[in-house]
Structure formats: structure tokens, C-alpha cells
2 protein chains.
Amino acid sequence: MSSQGGPGGRGLGTAVRDRIRERIESGAWRPGHRLPAEPHLASLLGVSRATLREALKVLADDGWITRTPGAGTYVTHRPRLKNNLDVNFGVSELIESMGMRVGTQGLRVYDGPAGASEAARLAIPPESRVFVIERIRTADYEPVVFSRDVIPASIVGEGAQALDSLGQGTLYRMLEEEFGVVVNQGLAEIKPVKADRWTASQLRVPTGTMLLYLLQVDYDDTGRAVLLSHEHHVADAFEITVVRRGPGRNT
Amino acid sequence: MSSQGGPGGRGLGTAVRDRIRERIESGAWRPGHRLPAEPHLASLLGVSRATLREALKVLADDGWITRTPGAGTYVTHRPRLKNNLDVNFGVSELIESMGMRVGTQGLRVYDGPAGASEAARLAIPPESRVFVIERIRTADYEPVVFSRDVIPASIVGEGAQALDSLGQGTLYRMLEEEFGVVVNQGLAEIKPVKADRWTASQLRVPTGTMLLYLLQVDYDDTGRAVLLSHEHHVADAFEITVVRRGPGRNT
DNA sequence: CCTTACGTTTTGTCAGACAAAGCGCCTCCG
DNA sequence: CGGAGGCGCTTTGTCTGACAAAACGTAAGG
């Protein structure tokens with residue numbers, strides 16, 4: 001299925017892109033810093049200039065670098081954020097990136113037929129068998145997210161007992177390591193809601209507390225829906241940001 | 001500053017990328033459809049294969065297409081959404097894309113010194129002169145967003161009287177056409193809030209109504225902060241979505 | 001009828017070359 | 001001595017051609 005799943009990712013250009021971005025994120029190349037010229041950088045990275053340029057094109061398109069003919073390639077002068085909805089995937093990484101201890105309470109795993117709405121979003125036949133994972137995520141032992149994850153049985157097959165070991169685990173890592181499913185993209189719908197009685201009691205907050213509700217469907221690289229997540233975030237616990245692409249490049 | 005500002009965007013590869021994406025968005029190439037082979041498609045678009053591949057690389061990276069060696073390039077089988085936080089920029093386009101009439105109420109434009117917090121986010125000296133635009137955006141004559149836009153005087157110079165004509169205009173288009181400022185990227189912070197007395201009266205909703213608050217800073221292609229926006233969205237008016245990149249490509 | 005081997009098609013990567021656009025340095029002139 | 005203009009170098013943008021790797025369809029053989 002997946003071509004190689006090697007070190008960096010799928011494809012040399014993607015690996016080069018990640019390597020360059022890591023240098024920027026780590027601070028080795030600070031904003032305003034000028035990158036080596038393309039031929040030089042290509043030989044440094046051990047790839048051809050065409051491959052390097054594919055990586056640079058994506059980075060420039062994402063706003064990491066700015067390229068001007070005759071002048072050079074510079075790291076864009078723009079603040080970088082953690083806790084970014086675009087890149088941070090999963091609640092565990094979100095909490096860990098804030099330097100807090102991540103934990104799980106009230107884990108509940110069961111299977112059954114999918115409801116009509118959830119089946120439609122997962123693009124599976126109604127009444128198909130799905131596995132459901134409900135749990136409360138804690139940051140420094142404080143409940144911050146109540147989540148309900150729905151996975152089609154066709155994804156996890158019969159090796160579903162591994163789901164029981166999600167005590168503190170990352171669901172995405174388990175999907176990748178146990179079932180060979182690599183989540184490539186997710187489509188999240190964001191809505192502010194007030195905590196109802198049940199959710200409030202789970203999160204140990206007063207009824208009516210402000211929550212951020214994320215309804216998300218994740219897809220693998222073939223476009224197959226592999227995971228549906230309902231996440232109720234305690235509003236004050238996180239600072240959620242999104243990078244938006246400007247109209248200058250998106251019609 | 002900007003190199004050519006031609007038809008599609010800045011650069012041939014970017015223009016090619018937009019042309020392909022338009023075909024997908026318009027439905028000419030539906031999910032699962034196979035694109036012509038690269039040499040053929042390159043000649044169809046009138047560019048070289050290297051340029052075409054830069055465009056395809058970005059599209060594949062953004063999840064629009066899936067490429068497999070030996071097989072071909074296919075349009076990814078994944079639902080496309082309008083009202084996407086990533087691509088839809090500005091409230092006007094958001095409302096128009098939903099097929100509703102966009103309008104403005106209570107426009108108020110004034111200038112003065114920037115506050116400490118706003119100056120810091122715009123990366124300008126404290127007390128710098130800024131222009132402030134406050135207005136209520138309506139969809140089908142119903143208030144849906146109350147926004148406060150802050151623009152440094154250094155951006156708009158002395159031609160600021162143009163700001164008064166924002167009756168139904170798009171601020172981004174005005175920035176581009178009047179002042180030559182192309183917004184490339186924006187960083188938005190999302191938070192659910194309850195409407196306070198003042199905001200509620202502006203939006204004609206009861207105090208305590210659920211709102212989605214977006215605090216956004218926009219940057220041009222050089223990384224200069226050009227616009228700070230506070231937006232209070234009526235929660236039930238929109239369906240806000242975000243495309244998230246999977247851990248499989250971001251680590 | 002199933003399995004296997006082959007060839008074709010298609011994407012992935014590389015190398016080299018030329019054009020266009022900034023930037024810095026030098027020279028020339030006042 | 002100071003400023004302005006021109007020249008050349010550097011760097012990105014684009015094109016051309018080529019070969020390798022991978023996947024699919026087809027045909028031959030058991």
C-alpha cells in the first residue's frame with residue numbers, strides 16, 4: 001500500500017522539505033536569515049536542484065520562506081506558533097507541546113453498528129460495525145477534553161483489542177503502528193457550544209460552561225475516511241490558532 | 001517590491017497550480033478522476049514538466065491530488081468544503097460563498113494611537129498611529145459578524161480617505177488595489193466567548209449568546225504585519241471548517 | 001482457469017543550460 | 001570629495017532531455 005514508509009516520509013522531496021523546516025523550527029535558521037543559494041543547498045542536502053526546488057516551492061507556499069529572484073531565499077519574518085490547528089494533530093501532542101502532563105480518565109471502548117449520521121461522514125454503509133472510544137483527556141490531572149472517536153471495523157480488522165491499551169497513548173500513533181494506517185489529512189468543523197449536563201459532568205465543569213466542539217474526519221493518503229472524532233474542549237484550557245492562506249494566492 | 005503581479009499570481013508555477021485547482025473545484029475533474037500524464041498535461045498547460053511538477057507537488061501536499069508512480073495522478077476522494085478557514089479569507093467572501101447577500105451596518109472609521117497590546121501584535125512601536133474600522137457585517141440583512149480592523153498608518157499612508165468607502169467592500173481587495181498590499185497569510189486565534197452587553201447590542205442578539213471570537217493578524221509576502229482584526233461571529237450563522245495536515249507528513 | 005513473466009506507461013529524480021531580476025561595486029562626472 | 005549612473009556578478013525562474021523505479025495490463029505457459 002504505502003510505497004516505502006522510510007525515514008522521512010513518502011518521497012525524497014517531502015523529506016527535504018521536512019529537513020529544511022526542522023532547521024527553521026529549531027531556530028538554526030532564524031527569521032530574516034538567508035538560506036544558501038539553491039545549487040549550494042542542493043549539494044549540501046545531497047539532492048538535485050529540481051528536487052530541492054519542489055521542497056522550497058511548498059515551503060514558500062506555506063509561508064515559511066520568501067524567495068526573490070536575484071536576491072535569495074530568506075526565512076519569513078513571522079511569528080511561529082505552537083498549538084496550531086494545522087500542524088498539531090491530536091490532543092496528546094497539543095498538551096505535551098504546552099509542557100503539561102497528559103493523562104486519560106474514564107476510558108471506554110466498545111463496538112456496535114454505526115449511526116446514520118456517523119456512517120455518512122465516514123462514507124461507510126449504514127449499520128456498519130464500528131469501534132467507539134470515549135475518554136477524558138487530562139492536562140496536569142485536570143480534565144480538558146472529552147472525546148468520542150469512531151473507527152470503522154474495516155480499518156482495524158480483528159486486532160481491535162489493541163484499542164484497550166489507550167491509557168495514555170496517541171490514537172494516531174496506534175493507527176500507524178498497529179494497523180498501518182497513516183492519517184494524512186483531517187477535516188474539522190468548529191463550533192462553540194455550552195456544556196450540557198452529561199458533558200459537563202464528564203469534564204467536571206458547571207453546566208453551561210463554554211466549550212469548543214470539534215467534529216473531525218481524518219483521511220489516509222488514498223482519501224479513505226479512517227476516523228471520526230467528536231472533541232469537546234474546555235475553552236479556557238487551550239489557545240487554538242489557525243494559519244490562513246491569503247487571498248493573494250488562493251483566488 | 002512584488003515582481004510582476006501578473007494574471008494568476010506571482011510566478012508561473014503558482015498560476016499553474018491555481019488553474020489545476022480551479023478545474024477540481026469547478027467539478028471539471030471530479031474525485032477519482034485521473035489527470036493526464038505529466039508530459040501531456042504540461043503541453044496542455046503550455047509549461048515545462050518541471051514547472052508542472054512544482055505545482056503538482058504543492059497540490060499533492062495540500063491533499064488535492066494523490067500521485068503514485070506507475071499508476072498516475074488522481075483527484076483525491078475527499079469531500080471539499082466551502083466556508084473553509086484556510087482558504088476563505090474575509091467575511092464578505094464567506095457570506096457570498098453561502099449564497100447570501102452581504103451588507104454593512106454601522107460603519108465607523110477613525111484614527112488614533114495604537115494600544116500597547118495591538119501595537120505588539122502588529123510589531124509596530126507603541127503609540128504609533130493606526131486606522132480603525134469598526135462595522136457590522138450582515139448576511140441577508142441579518143447581523144452575523146461584528147469586526148474591528150486595525151491598520152498601521154504606515155501601510156495606508158495618507159490615502160486613508162478611501163477607507164470610508166467600505167460600504168460593502170472587501171477590505172482585502174481595497175488593500176490590494178488602493179495600497180498595493182497583498183495579504184499572503186494570516187494567523188488567527190480562535191476562542192468561544194459569550195456576548196457582552198456592548199457586542200450583543202451591536203449584533204442584536206441577547207447578552208450571553210454564544211460567539212466565536214477570531215483574533216487575526218495578516219501578513220504580506222515579506223512577513224510584515226499589515227492588518228489586525230477582531231471578529232465576533234454569531235455561532236449559529238456559520239459552519240466553520242479547517243483542513244488539518246496529518247501527522248504522517250508533519251512531525 | 002490460474003499463475004507467471006514481460007513490456008508499456010507513468011511518476012521520481014537527476015544534470016545541464018539559459019533567461020530575468022536584484023544587488024553591489026566601480027567608474028565617471030560635477 | 002561626493003553623488004549618480006552603468007556594468008557585472010549572483011541568484012532565482014524556467015526549460016530541455018534523460019534515466020531509474022514502480023505499477024498496471026497483457027499474453028504466454030502450466
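Order of the sequence lines sets the chain letters (A, B, ...), proteins ahead of strands, with each chain counted from 1.
Side-chain atoms of B:L12 lie closest to D:dT14 of the nucleotides C:dA15, D:dT14, D:dT11. Each of C:dA15, C:dC23, D:dT12 was ranked by its minimum atom distance to the side chain of A:S48; first place goes to C:dA15. Comparing atom distances between the A:P69 side chain and each of C:dT13, D:dT14, C:dA21 picks out C:dA21 as nearest. The side chain of B:E38 approaches C:dT11 more closely than any other nucleotide in the set C:dT11, C:dT13, D:dT11. Picking from D:dC15, C:dT10, C:dC14 the nucleotide with the shortest atom distance to the side chain of B:V47 gives D:dC15. The side chain of B:R53 sits closest to C:dT13 out of D:dT14, C:dT13, D:dA23. Side-chain atoms of A:A37 lie closest to D:dT12 of the nucleotides D:dT12, C:dG12, D:dT16.
If you check distances only, the side chain of B:R49 does reach the base of C:dT13 with a donor-acceptor pair under 3.5 Å.
Salt bridge present: B:D61 and A:R17 bring a charged side-chain N and a carboxylate O closer than 4.0 Å. Looking at A:K57 and B:E54, no side-chain N of the basic residue comes within less than 4.0 Å of a carboxylate O on the acidic one, giving no salt bridge. Checked for salt-bridge contact, A:D111 and A:R129 meet the test: a charged N lies under 4.0 Å from a carboxylate O.
With a 4.5 Å cut-off on side-chain heavy atoms, B:V156 and B:F131 count as touching.
Taking 4.0 angstrom as the limit, A:T73 places a side-chain polar atom (N or O) nearer than this to OP1 or OP2 of D:dT12.
For A:G46 and B:P36, each mapped to the nucleotide of DNA chain C holding its nearest heavy atom, the one lying further toward the 5' end belongs to B:P36.
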